[in-house]
Protein chains: 2
Amino acid sequence: MLSKKTKYGLKALTFLARQESKEPIQIAQISKSENISQKFLESILLSLRKTGILGSKKGKGGGYYLIKEPTDILMTDVIRVLEGPIAMVPCVSLNFYEKCDDCPDEATCCVNKLMIQVRDATLKIFRNTTLKDLCV
Amino acid sequence: MLSKKTKYGLKALTFLARQESKEPIQIAQISKSENISQKFLESILLSLRKTGILGSKKGKGGGYYLIKEPTDILMTDVIRVLEGPIAMVPCVSLNFYEKCDDCPDEATCCVNKLMIQVRDATLKIFRNTTLKDLCV
DNA sequence: TATTAGCCTATCGGAATACTAGGATTAATT
DNA sequence: AATTAATCCTAGTATTCCGATAGGCTAATA
């Protein structure tokens, strides 16, 4: 299940990508337009800034803005920041790999093989989708 | 993230599918072979029985067994019983649809469109995978 | 210097997850 | 009939995570 954090994050990013000018947009404005709790959104945007997807400006007239062009922002990056691993099981995660403690051997694990397929299919979509594609 | 319930359930089903005879297998045996807490496994197998994927025999010499051939047991059915919705968001779920309360219009929702793609890709895999495929 | 807006940490309630306990029930064996 | 072995079933618990909130701090602008 997709977390609200990810959902809200994607909505906020899309909102920013739809702006014509590149002036900073305030949290309050995004929060109202997209029906998102302002304080919660605040923490989401903060994490997007810390990972280099968003830029921010403090003080009066401040807000958040996209650092890169929407066509250059890949879903793989966004999802990994917001949701964490794309894989459904740590033992098939490319970026967040962890061995299962109950599994003696990954090579013969039925779950492992199935989840690799799912991971690859999902990755294929996220790698081929940019923020621009979400704006349509 | 895949729940342990689903993971254990898949392992147990695969274990049963690998058996040569169709005699009932006891929970204790599966639990030991697959490193799964017996009591937890008990509740998982129970739900698989209630949804018609497994059969059981009570009393001495009892246990669980597959009702259908492994080639006739689809991942779509197993996953839906164990994990619930395959979709990552209720608003794109085929079997567990729910409207989002924060979304005014699904047609223009950026998350919706993306998650439909993911759902379809995942469904395609689960529809083309049977329990037999997991046994290899 | 006053105001605005992001920065940051801490916390909290509720829901879901991952189990666990213990008795009831059923069936085979002795 | 008694014993044993297994599932059935309800309930409960411990822990973790999620979504959200509170409140002060810092930086930038007017």
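Chain letters run A, B, ... following the sequence lines, proteins first and then strands; every chain starts at 1.
Near DNA chain C, meaning a heavy atom under 4.0 Å from it, residues 33-51 of chain B has B:Ser37, B:Lys39, B:Phe40 in order of number.
Between the CE atom of B:Met1 and the P atom of D:dT16 there is a distance of 17 Å, rounded to whole Å. With rounding to whole Å, A:Lys5 atom NZ is found 10 Å from D:dG19 atom P. Taking atom CG of B:Leu2 as the reference point, atom C1' of C:dA16 lies 15 Å away to the nearest angstrom. Distance B:Gln26 CD to D:dC8 P: 12 Å, rounded to the nearest Å. The distance between atom CD1 of B:Ile30 and atom P of D:dA6, rounded to the nearest whole Å, is 13 Å. A:Ile25 places its CD1 atom 16 Å from the C1' atom of C:dT4, with the value rounded to the nearest Å. Following rounding to the nearest Å, B:Ile27 (CD1) and D:dC9 (P) show an atom-to-atom distance of 12 Å. One atom, CG of A:Asp102, and another, C1' of C:dC19, lie 14 Å apart when rounded to the nearest Å.
Between the CG atom in A:Leu131 and the CG atom in A:Leu16 there is a gap of 8.5 Å [rounded to 0.5 Å]. Distance check, rounded to the nearest 0.5 Å: CD1 of A:Ile53 to CG of A:Asp77 gives 6.0 Å. Between the CD atom of B:Gln38 and the CD1 atom of B:Ile30 there is a distance of 9.5 Å, given to the nearest 0.5 Å.
Of the side-chain N and O atoms in B:Ser56, none sit less than 4.0 angstrom from OP1 or OP2 of D:dA6. For the OP1/OP2 pair of D:dA20 and a distance below 4.0 Å, the side-chain nitrogens and oxygens of A:Tyr8 include at least one atom meeting the criterion.
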Look for any protein N or O under 3.5 Å of an N or O in nucleotides 28-30 of chain D and output each such pair with its distance, or none.
unit_1	atom_1	unit_2	atom_2	d
D:dT29	OP1	A:Lys57	NZ	3.4

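Shown here are the ring-ring contact (aromatic ring centres under 6.0 Å, His included) partners of B:Phe40, two or more places apart in sequence or in another chain: B:Tyr8. Under the ring-ring contact (aromatic ring centres under 6.0 Å, His included) criterion, B:Tyr64 pairs with no residue, sequence neighbours left out. Annotation: salt bridge (charged side-chain N to carboxylate O under 4.0 Å, His left out) contacts of B:Lys50 (sequence neighbours excluded): none. Partners of B:Asp133 according to the side chain to side chain donor-acceptor pair (under 3.5 Å) rule, which considers only residues two or more places apart in sequence or in another chain, are B:Thr130.
Classification of A:Asp102 and B:Lys4 as a salt-bridged pair fails, no side-chain N sitting under 4.0 Å from a carboxylate O. A salt bridge links B:Lys22 to B:Glu69: at least one charged side-chain nitrogen sits closer than 4.0 Å to a carboxylate oxygen.
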